[in-house]
Amino acid sequence: MANRTTIKEFILLGLTDNPQVAVGLFLLLLGIYLLTLIGNMLIVIITLLNVQLCTPMYFFLRHVALADIGSPTTVIPKTLVNIATGSKSISVAGCFIQLFLNFAFGTTEFLLVATMSVDRYIAICKPLHYTTIMNPRICSLLVICCWAGGISLILVPSIPLFLMPFCGPNVMNHFLCDNGPLMKLVCVNSSSLEMTYFVVAVFSLLGTLSVNIVSYVKIISTILRIPSTTGRKKTFSTCTSHMIVVTMAYGTCIFLYMKPKDANESIFNKMMTLLSTVVIPFLVPIIYCLRNKQVQDALRTELRQWIGFCKKLR
């Protein structure tokens with residue numbers, strides 16, 4: 001099999017062949033990437049420094065932000081380099097690393113989002129037992145399981161794919177290394193590997209989605225039993241940001257990875273991949289900051305302290 005693997009690099013056709021459009025895309029992607037890094041790093045820093053945000057929900061949110069930094073970082077820099085240099089190539093090793101890390105960060109985020117749903121369920125439906133159940137040791141263990149689970153789930157189909165022979169052609173009509181276009185370049189029958197990827201997608205997407213749905217059905221039923229309208233609104237507001245993120249993330253990824261592979265290389269699917277790997281990590285910190293008063297107050301507090309510290313230095 002090793003003798004049959006003659007391809008040294010893959011060719012990514014990218015998002016466009018038009019040089020003028022490429023310049024606009026470069027600037028747009030660079031801007032989104034920088035804002036994604038800034039927004040998610042702010043969440044990481046704020047949840048570490050601010051005492052009011054030292055709760056399980058924001059502990060999990062910090063790790064979601066780390067995953068949202070990792071996922072676009074595996075994709076956007078290489079895409080920007082290819083646009084800037086006019087190159088369309090990526091090494092075989094680079095392609096496999098990009099594929100593995102992108103999926104690992106994404107899967108880990110789904111597990112973390114499901115964990116956040118369970119956290120909200122316990123906080124709203126079992127408030128008297130919340131501090132006992134969601135203690136620091138349990139939270140740390142849950143986060144470790146999410147990261148280990150995300151990496152392990154992607155290792156299962158990735159190792160066989162990395163060992164597959166690629167004899168040519170080596171052209172992928174995509175801007176990143178994705179499992180669908182990559183499996184079309186394998187020299188041997190890859191139907192069993194495709195099924196493995198599908199099973200992993202079912203487990204990581206539908207499995208975690210079912211946890212989210214069950215949690216929020218119970219949360220909503222509990223909220224509806226609150227007699228006060230103000231109380232209902234206040235309780236529900238703690239979940240709205242998370243629900244928006246769940247809807248966006250699962251909607252795009254279920255469409256991409258739980259459908260037949262026939263349309264994987266269409267322009268529409270490129271746009272959906274762009275949405276899931278670039279736009280959503282950019283929107284997550286904005287959603288949490290705009291819809292969460294506690295995060296807004298923490299940002300203002302830290303900003304005032306930073307301004308005060310700068311004035312003292314002068």
Side-chain angles (χ1 to χ4, degrees), residues 36 40 43-44 47 55-75 98-124 130 133-159 178-179 196-219 238-239 241-258 273 275-278 280-285 287-288:
T36 300
N40 284 290
I43 286 181
V44 172
T47 54
T55 63
M57 184 178 78
Y58 294 107
F59 176 68
F60 298 134
L61 179 60
R62 183 190 314 153
H63 286 269
V64 170
L66 289 172
D68 278 335
I69 291 171
S71 183
T73 299
T74 63
V75 175
Q98 185 185 75
L99 174 71
F100 172 74
L101 290 178
N102 188 33
F103 273 89
F105 281 121
T107 305
T108 300
E109 183 167 354
F110 283 122
L111 294 171
L112 287 167
V113 167
T115 304
M116 289 179 73
S117 294
V118 174
D119 172 74
R120 290 298 83 205
Y121 159 71
I122 297 171
I124 293 171
Y130 181 69
I133 297 172
M134 301 303 291
N135 60 67
R137 182 174 173 273
I138 293 296
C139 292
S140 299
L141 186 62
L142 286 170
V143 164
I144 291 170
C145 289
C146 287
W147 283 102
I151 293 169
S152 302
L153 276 171
I154 299 306
L155 272 178
V156 172
S158 294
I159 292 175
D178 203 357
N179 64 322
T196 304
Y197 264 107
F198 183 78
V199 171
V200 169
V202 168
F203 183 81
S204 59
L205 290 176
L206 294 188
T208 55
L209 179 60
S210 63
V211 173
N212 283 287
I213 291 172
V214 171
S215 297
Y216 274 101
V217 166
K218 292 181 177 295
I219 287 169
T238 63
C239 306
S241 299
H242 187 254
M243 291 175 70
I244 293 169
V245 171
V246 167
T247 303
M248 290 192 309
Y250 282 93
T252 54
C253 287
I254 286 174
F255 177 82
L256 278 170
Y257 299 114
M258 296 200 61
T273 304
L275 182 66
S276 64
T277 58
V278 178
I280 290 177
F282 162 69
L283 291 176
V284 167
I287 291 167
Y288 275 102

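- Residues satisfying the side-chain hydrogen bond (donor to acceptor under 3.5 Å, both in side chains) test with S204, not counting sequence neighbours, are none.
- No option in F203, F105, F103, Y250 other than Y250 meets the ring-ring contact (aromatic ring centres under 6.0 Å, His included) test with F110.
- What you find for A65 and I43 is that their closest heavy atoms are CB-CG2, 3.9 Å.
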- V118 vs V211, side chain to side chain contact (heavy atoms under 4.5 Å, CB included): CA-CA, chis, key distance, verdict: CA-CA 8 Å; V118 174; V211 173; 3.7 Å; yes
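- Put simply, CD1 on I154 and OG1 on T108 are 8.0 Å apart, with the number rounded to the nearest 0.5 Å.
- Between the CG atom of D119 and the CD1 atom of I133 there is a distance of 10.5 Å, given to the nearest 0.5 Å.
- Using a 4.5 Å heavy-atom cutoff, the side chains of M134 and F59 are not in contact.
- No donor-acceptor pair closer than 3.5 Å links the side chain of S71 to the backbone N or O of D68.
- In terms of heavy-atom proximity, T277 sits nearest to P72 at O-CB, 3.5 Å.
- Every side-chain hydrogen bond (donor to acceptor under 3.5 Å, both in side chains) that T47 has, sequence neighbours left out, goes to R62.
- Among pairs with a residue in residues 147-158, those fulfilling side chain to side chain donor-acceptor pair (under 3.5 Å) read H63-W147, at least two apart in sequence or across chains.
- Summarising the geometry, atom CD1 belonging to I213 is positioned 9.5 Å from atom OG1 belonging to T208; distances are rounded to the nearest 0.5 Å.
- Using a 4.5 Å cut-off on side-chain heavy atoms (C-beta onward), T196 and V156 make contact.
- Side-chain contact between I138 and L142: present, with at least one pair of heavy atoms (C-beta onward) separated by less than 4.5 Å.
- To the nearest 0.5 Å, atom CZ of residue F100 and atom CG of residue L155 are 4.0 Å apart.
- A side-chain donor-acceptor contact under 3.5 Å links Q98 to the backbone of T74.
- Counting heavy atoms from C-beta on, the side chains of P157 and N179 never come closer than 4.5 Å.
- Counting all heavy atoms, side chain and backbone alike, R120 lies closest to M57 at NE-SD, 3.4 Å.
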- Item | Trace of the side chain to side chain contact (heavy atoms under 4.5 Å, CB included) decision for V245 with M116 | CA-CA 11 Å; V245 171; M116 289 179 73; over 6 Å; no
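- Legend: residues meeting ring pair (Phe, Tyr, Trp, His ring centres under 6.0 Å) with Y121, ordered by chain and number and at least two apart, are absent.
- Annotation: side-chain hydrogen bond (donor to acceptor under 3.5 Å, both in side chains) contacts of S117 (sequence neighbours excluded): N212.
- Using a 4.5 Å cut-off on side-chain heavy atoms (C-beta onward), Y130 and I124 make no contact.
- Listed by chain and number, the residues in a side-chain hydrogen bond (donor to acceptor under 3.5 Å, both in side chains) with T107 amount to none (sequence neighbours excluded).
- The distance from atom CD1 of I244 to atom CD1 of I287, rounded to the nearest 0.5 Å, is 5.5 Å.
- Atom CG of N40 is separated from atom CG of L66 by 8.5 Å, given to the nearest 0.5 angstrom.
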